[in-house]
2 protein chains.
Amino acid sequence: METNKRKHGHITSVLLIDDHEMVRDGLKVMLLSLKKDIRLKVDEAASGEEALRKIARNDFDMAIIDYQMPELSGPETVCRIVRFKPAIKILALSNYDELAYIEGMMHAGANGFVLKNIGCGELLMAVRTVLSGNTYFCNSVALKIIDAGLDKKPHTGIHHKTITPRELEVLRLIAVGLTNDEIARKLFLSKRTIDTHRQNLLNKLGLKNTAGLVRAAYEMKLLD
Amino acid sequence: METNKRKHGHITSVLLIDDHEMVRDGLKVMLLSLKKDIRLKVDEAASGEEALRKIARNDFDMAIIDYQMPELSGPETVCRIVRFKPAIKILALSNYDELAYIEGMMHAGANGFVLKNIGCGELLMAVRTVLSGNTYFCNSVALKIIDAGLDKKPHTGIHHKTITPRELEVLRLIAVGLTNDEIARKLFLSKRTIDTHRQNLLNKLGLKNTAGLVRAAYEMKLLD
DNA sequence: TTTTAATTACGTGTAAACACGTATTTTTTG
DNA sequence: CAAAAAATACGTGTTTACACGTAATTAAAA
């Protein structure tokens, strides 16, 4: 059942998942601005947890999910949603067209991937495409995918070593400029522990120094 | 004339300046959601240039301006607006509470600085405060300012030392992950020269390590 | 043309990051 | 409950970054 059967009068319900109220509001405005062919009902969640709770209680046709969110990340959230309710169409949203994010979201089960800088028209196009059972990528994302030849090899997996919550926390602190020692004091841990986390981050992400880590943090939207 | 005299029926007109439609929409929703005490009229501009054009033609009471935008940056835009129409109150908007950005916007002439992750309530508070002729900072921003002792010395100017083209070039290479030695080889220079450039960058930008430099590079859009 | 800003470069020392291991404890999950 | 994953921590050594100076040459601006 790939195609979404929308009969007359059926109201398509969409769940917007993003930790920024501003982004949710922006999405909502765009979605509601051109509801000629699709009757939309929009709900919001400020976190992956809230999203899962809402999805457990209500029936949604689709979810629009930001890549980076505090507790539960975008890919994690997508993963749980598809395991829980495989019928829900998922459009991934991100600030950056980083290959790893695209891969992460798509592999988790998203049906499309668009950047936040798209306009209203393209957003609606993406929503329609995904709702109809197809896959949508915005331009630069599509280019990246082709460029990386991801369309050929199905699931080779780019890095896919999972970064643990603790590591993510450390990564963020590294990116804001703290030294291992400062992070250790902040988290009440040994400096050597942070040393290890840092090393593991470098290995898992395939990076070689602090600059790389900061870039990664940026791209994961850990800085705000 | 510090206080803004708003008489009954006066409609306060606000110009939202951000290159992301989504952000502008989000702001608009937030602003219009609680227009009990202030009657707002909201207009938008997707760039600094467009903003200046609109400001030249219409009278605005305030502008809400994102720090980073493609062509004309936030501070540049602010600078031109205040020189052009000093009466316009300006609220600076940013994703990050980096000291350099706060300084840049405030020094350019902004009347307040808030992060994009604020909620509706705080946004309105900020708007009201700024419109009434006072200065507003969201929490983390205020902390940074106090921490840096910016409130004491009025216009000592934190960085405002100009970053030279060569330094910019080095900064970019640092951010993409090269070591001083690698940069030196790439530019056919001594390692010590790059050492100096790096040090000067740290001093001029008021940063303390590589992480800070990478963040700076990101914000200056040197990467992507 | 003089003065200023930019680019280049070195000396010396300390602090921090990076690389490679190993290893225990705690938490999660099948 | 057993197995796997995550979080904790240490040892040792090398490399790189950071801090504080000084200073010559070159390009740009007043």
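Note on naming: letters A, B, ... go to the chains in the order of the sequence lines (proteins, then strands), and numbering restarts at 1 for each one.
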Item to complete: Between A:Lys191 and B:Phe188, just flag the one whose closest nucleotide in DNA chain C comes earlier from the 5' side.
Response: B:Phe188

Item to complete: Write down the distance between CD (B:Glu167) and P (C:dA5), rounded to a whole number of angstrom.
Response: 13 Å

Discussion item. Any residue in residues 174-181 of chain B with a heavy atom nearer than 4.0 angstrom to DNA chain D? Just list them by number, or reply none.
Written reply: B:Thr179, B:Asn180

Discussion item. What is the distance, to the nearest angstrom, from the CG atom on B:Asn203 to the P atom on C:dA6?
Written reply: 15 Å

Practice prompt. Scan residues 113-123 of chain B for pairs that pass salt bridge (Lys or Arg N to Asp or Glu O under 4.0 Å), counting only residues two or more places apart or in two chains.
Written response: B:Asp18-B:Lys116, B:Asp66-B:Lys116

Worksheet item: What about A:Thr196: does its side chain form a donor-acceptor pair under 3.5 Å with the base of D:dA9?
Response: yes

Worksheet item: What is the distance from NZ of A:Lys208 to P of D:dT16, rounded to the nearest Å?
Response: 8 Å

Worksheet item: What residues form a side-chain contact (heavy atoms from CB on, under 4.5 Å) with B:Arg185, not counting sequence neighbours?
Response: B:Asp181, B:Glu182

Discussion item. When you measure from the side-chain N and O atoms of A:Thr193 to the phosphate of D:dA9, is any distance below 4.0 Å, counting only OP1 and OP2?
Written reply: yes

Practice prompt. Indicate whether OP1 or OP2 belonging to C:dT8 is found under 4.0 Å from a side-chain N or O atom of B:Arg192.
Written response: no

Discussion item. Any carboxylate oxygen within less than 4.0 angstrom of a Lys/Arg side-chain nitrogen, looking at B:Arg198 and B:Glu167?
Written reply: no

Worksheet entry | Main-chain N/O of A:Ala142 paired to A:Asn139 side chain as donor or acceptor, under 3.5 Å | no

Worksheet, complete the sentence: Atom NE2 of A:His197 and atom C1' of D:dA9 are separated, to the nearest Å, by 10 Å

